[in-house]
Every structure is written in C-alpha cells, then in structure tokens.
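This is a predicted model, so every value here is computed, not measured.
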Amino acid sequence: MNRHIVFILLFLFSLRIEAQYNRQRIQPRTPVVSQQQRFPEIDVEKAVGMFFYDSEKVLKKIGVKKSSDNFNLVAAILKKFNRELNQIRRINSFLFSEGKAKIDYARKESVKSGDFNIIRNATKEVTTMFDPIIEVVKESEKNLDLELEKILSSKELNKWLKYKRNMKKK
C-alpha cells in the first residue's frame, strides 16, 4: 500500500516536471532585432542650468501663506526671475539649437563609425560654447537667492534652498 502511494506520487511529480520542461522549450523566442540605438533626448536648457519656477508650487513648498505680506513679493520676484531666464533663452535660442544639432550629428556619426570619441569631442565643444550662458544663469540665480534672503525667514529660506537643490537633481 505504501509503495503504491509513493509510486503514484513519484509518477505525478515526474509528469509535472516534464510538462514544465516541455512548456519552456515550446515557448517561441523573440528574435533579436537590430535596431538603431536610441539616445535620450537632449534638454539643452537643463544642461545649461535653466529652471523655471512655478510660483504657486514654490510658495506652497516653502510654506509662505497667501495671507502673508511676503506672498506677493516672492511671487513677483519669481515672476521676474522667470522673465529673465526666458529672455536668456530667447537670445540664445540659435546657440541652443546649434548645440543640440551638433550632439545629434555626433551621435549618428559615432554609431556609424563605432568611434565614440566623436561624441566626447562634440560634447566638449558644445560645453565650451555654453560656458558664457551658464555664467549668466548662475548670476541670475545668485541674485534670486539674495532677493529671497532679504524677504524670507531662515526656515523658509532653508526650504527654498532644499527645493532648488531637488529641482536641479531631477
């Protein structure tokens, strides 16, 4: 009796293993299609360090109440900062499009030739081209921080700096 139970269990166990093994062998393999490598889209404004701040979101994050006197002042300062950055973007739009085109062309050429030094050289060239713009953006951000430092409390200022760091990490 015990032998029969062990034999039946062993038989059922082996059938189950064989069924799983056959199912794995039957599943069709997806063929590897040689697609062109897709590179991530280049965001030139982020590369330069341009970040436009939504005043409602910033004011909520740093904890400035609508009833506060500082609410309208901070909103006006952020609006002014965004206008400055928009002006910088508009003035340098040709450089931005040219830099993006150079990087895209270098990517295509490096994939064709297999030499990825082309991308490295193009990136260095574009970076040196953007250096003056980066300096202007950094200067305007320093001015923004100084203006907000005059208005905000130390707690709110720390929240602002933390929010700004988190935006840059994204």
Once you round to the nearest 0.5 Å, how far does [atom1] of [X] lie from [atom2] of [Y]?
X	Y	atom1	atom2	answer
Arg89	Asn82	CZ	CG	9.5 Å
Asn117	Lys124	CG	NZ	8.5 Å
Glu45	Ser93	CD	OG	10.0 Å
Leu152	Asp145	CG	CG	10.0 Å
Ile133	Lys138	CD1	NZ	13.0 Å
Ile103	Glu98	CD1	CD	11.5 Å

Whether Trp160 and Tyr53 hold their rings parallel, tilted or perpendicular, with breakpoints at 30° and 60°: perpendicular

Quick one: do [X] and [Y] end up in the same hydrophobic cluster if we chain Ile, Leu, Val, Met, Phe, Trp and Tyr together by side-chain heavy atoms under 4.5 Å apart?
X	Y	answer
Met167	Phe81	yes
Tyr105	Met129	no
Val126	Ile91	no

Check whether any side-chain heavy atom of [X] sits under 4.5 Å from a side-chain heavy atom of [Y], and report yes or no.
X	Y	answer
Tyr163	Lys57	yes
Leu85	Ile88	yes
Leu78	Leu144	yes
Ile119	Ser110	yes
Glu141	Lys168	yes
Lys80	Glu147	yes
Ile118	Asp115	yes

Donor-acceptor side-chain pairing of Arg83 and Asn86 below 3.5 angstrom: no

Closest non-hydrogen atom pair, Ala122 against Lys102: CB-O, 4.3 Å

Side chain Ser68, main chain Val64, donor-acceptor under 3.5 Å: no

Side chain Glu109, main chain Ala106, donor-acceptor under 3.5 Å: no

ring-ring contact (aromatic ring centres under 6.0 Å, His included) between Phe130 and Phe96, intermediate numbers included: CA-CA 8 Å; Phe130 288 159; Phe96 289 158; 5.6 Å; yes

CA sep, side-chain torsions, deciding dist, call: Glu135, Asp131, side-chain contact (heavy atoms from CB on, under 4.5 Å): CA-CA 6 Å; Glu135 292 302 318; Asp131 280 341; 5.7 Å; no

Enclosure of Lys61 NZ (heavy-atom neighbours >12, cutoff 6.0 Å): no

